[in-house]
Amino acid sequence: MKKKFLNIAIIAITALLLFGCGKKEEAAEDPAKEAVKVEVKTTGPTIDAIKEKGKLVLGTSADFPPMEWTSFQSGKEEFTGVDIALAKAIADSLGVELEVKNMAFEGLLGSLKAGDVDIVLAGMGADEERKKQVDFSDEYSKGKQVLLVTEENKDKYKTFDDLNGKIIGTQLGSLQHKFATEKFGDNCKGFDLNNVIIEQLKNKSIDAAFLSELPAKQFASITDGFVIIEDLGIPDESGFAVAVKKGNDDLTAAVNEVVKGLKDSGQVEKWFDEYIELSNKEAMK
Ligand code: ARG
């Protein structure tokens with residue numbers, strides 16, 4: 001009889017511990033934070049080294065809203081955007097801080113190969129040429145490429161071929177630079193920063209800017225007199241993915257886990273909406 005009572009007591013206490021405490025913890029967690037948290041079980045030499053230094057170093061080129069841009073809203077220079085949020089989630093999953101190194105887009109893969117940065121997120125398309133140099137995670141966004149022109153030229157270019165003889169602005173090291181140079185040679189001008197391309201288009205030093213769709217749309221919505229031309233009869237660019245140094249397979253696997261979790265939960269989509277809106281708002285100020 002006594003034993004039975006003891007058993008019941010043990011069950012009752014266990015239940016209390018399990019459910020009672022479980023509830024409390026749930027209530028204490030911030031649901032917004034919970035959505036972007038992905039546990040990563042993977043370990044290995046690269047991850048151990050990152051944990052040892054206590055930080056994940058991201059290489060990016062912060063001139064590409066909504067993917068990444070430099071914000072001064074808080075009074076100091078800050079990097080923000082979809083890629084920064086995703087990189088932060090990767091750092092969190094490894095239990096380390098995120099350090100952002102901002103540089104020219106063209107230098108990013110060199111820095112990754114040299115080990116100056118651990119990962120690259122920069123609205124970078126995982127194309128075959130780049131895959132020979134570095135590894136990529138699964139894609140977290142599709143890539144389209146479009147033209148940005150000034151209002152008065154909006155009916156001039158129906159297809160990419162109509163740009164023959166025109167001056168096209170592209171970012172150095174980008175897939176757009178490669179594509180347009182192969183087609184039009186020196187008429188394709190390369191610039192380090194997208195902001196400079198935008199200035200060049202404003203003052204009509206170039207006839208069109210050739211960019212990824214989302215940033216082009218962002219620049220069009222925050223600049224008076226800019227129009228997007230889509231459906232140029234050219235293939236899409238490769239989808240965006242996280243670049244990792246070749247051989248750092250444990251890190252690539254961990255990044256893939258995070259990317260999958262955040263895509264499946266709809267968080268990546270949410271970030272796109274959020275950062276498109278934020279970059280519009282900041283530009284209005
Ligand atoms: N999507 C293009 C590419 O992969 C351009 C990316 C430019 N990114 C940037 N952060 N500026 O080449």
Side-chain angles (χ1 to χ4, degrees), residues 46 57-61 63-64 66-68 81-83 86-87 90 101 103-148 159-161 163 168-194 197 208-216 230-260 262-263 268 272:
T46 323
V57 184
L58 163 74
T60 195
S61 170
D63 63 344
F64 211 54
M67 305 313 295
E68 51 265 324
V82 176
D83 283 338
L86 179 50
I90 297 169
K101 281 194 182 169
M103 61 188 85
F105 184 79
E106 197 180 23
L108 283 169
L109 291 189
S111 290
L112 185 64
K113 287 190 281 182
D116 293 339
V117 298
D118 300 311
I119 52 173
V120 166
L121 284 89
M124 182 179 272
D127 89 313
E128 294 309 316
E129 270 308 304
R130 289 176 180 155
K131 280 184 189 168
K132 288 182 196 153
Q133 306 178 52
V134 296
D135 286 335
F136 281 100
S137 72
D138 297 331
E139 293 173 10
Y140 56 87
S141 171
K142 290 265 151 287
K144 262 189 84 176
Q145 32 193 5
V146 301
L147 284 184
L148 189 60
T159 71
F160 202 71
D161 290 332
L163 287 171
I168 307 143
T170 55
Q171 183 164 43
L172 285 168
S174 71
L175 298 177
Q176 289 68 37
H177 184 69
K178 186 165 169 258
F179 188 88
T181 304
E182 272 164 16
K183 199 141 174 87
F184 300 121
D186 287 346
N187 276 354
C188 173
K189 303 271 176 250
F191 300 92
D192 262 336
L193 290 171
N194 279 303
I197 303 178
F210 182 39
L211 301 173
S212 300
E213 181 188 36
L214 280 172
E230 299 178 71
D231 305 324
L232 292 162
I234 51 171
D236 286 351
E237 68 171 317
S238 309
F240 301 165
V242 183
V244 178
K245 188 176 176 178
K246 265 201 187 303
N248 289 358
D249 297 344
D250 54 334
L251 182 58
T252 308
V255 169
N256 270 335
E257 254 189 78
V258 177
V259 167
K260 185 175 184 322
L262 295 173
K263 264 170 52 177
V268 174
F272 273 102

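In what follows, residues are counted from 1 in the order of the sequence shown.
- Taking 4.5 Å as the limit, every side-chain heavy atom of F64 sits out of range of all side-chain heavy atoms of D83.
- Taking CD of E237 as the reference point, atom CG of L211 lies at 9.5 Å (rounded to 0.5 Å).
- Using a cut-off of 4.0 Å between Lys/Arg side-chain N and Asp/Glu carboxylate O, K260 and E257 are scored as not salt-bridged.
- When ring centroids are compared, F105 and F191 stay outside the 6.0 Å threshold.
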**Request:** Please step through side-chain contact (heavy atoms from CB on, under 4.5 Å) for the pair V146 and F210, ending with a clear verdict.
**Result:** CA-CA 6 Å; V146 301; F210 182 39; over 6 Å; no
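- A 4.5 Å side-chain heavy-atom check between Q171 and D192 finds every atom pair outside the cut-off.
- Residues M103 and L108 are in side-chain contact: their nearest non-hydrogen atoms beyond the backbone lie under 4.5 Å apart.
- N194 places a side-chain heavy atom less than 4.5 Å from the side chain of I197.
- A donor-acceptor pair under 3.5 Å is formed between the side chain of T60 and the backbone N or O of L121.
- With hydrogens and angles left out, the side-chain atoms of Q145 and Q176 include a donor and acceptor closer than 3.5 Å.
- If you check the side chains of Q133 and K113, you find a donor sitting under 3.5 Å from an acceptor.
- Donor-acceptor pairing under 3.5 Å is recorded for the side chains of S61 and D63.
- Between K183 and D161, at least one side-chain nitrogen of the basic residue sits less than 4.0 Å from a carboxylate oxygen of the acidic one, meeting the salt-bridge criterion.
- At a threshold of 4.0 Å, the pair E230-K144 counts as salt-bridged, since one of the basic side-chain nitrogens sits closer than that to a carboxylate oxygen.
- The structure places CD1 of I168 at 13.5 Å from CG of L148, a figure rounded to the nearest 0.5 Å.
- Between L112 and the choices D135, N248, V134, the side-chain contact (heavy atoms from CB on, under 4.5 Å) rule is met once, by V134.
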**Message:** side-chain contact (heavy atoms from CB on, under 4.5 Å) for K245 and D118? Distances and angles first, verdict last.
**Reply:** CA-CA 7 Å; K245 188 176 176 178; D118 300 311; over 6 Å; no
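- Using a distance-only test at 3.5 Å, with no hydrogens or angles considered, a donor-acceptor pair links the side chain of S174 to the main chain of H177.
- To the nearest 0.5 Å, atoms CD1 (I119) and OG (S137) are separated by 9.0 Å.
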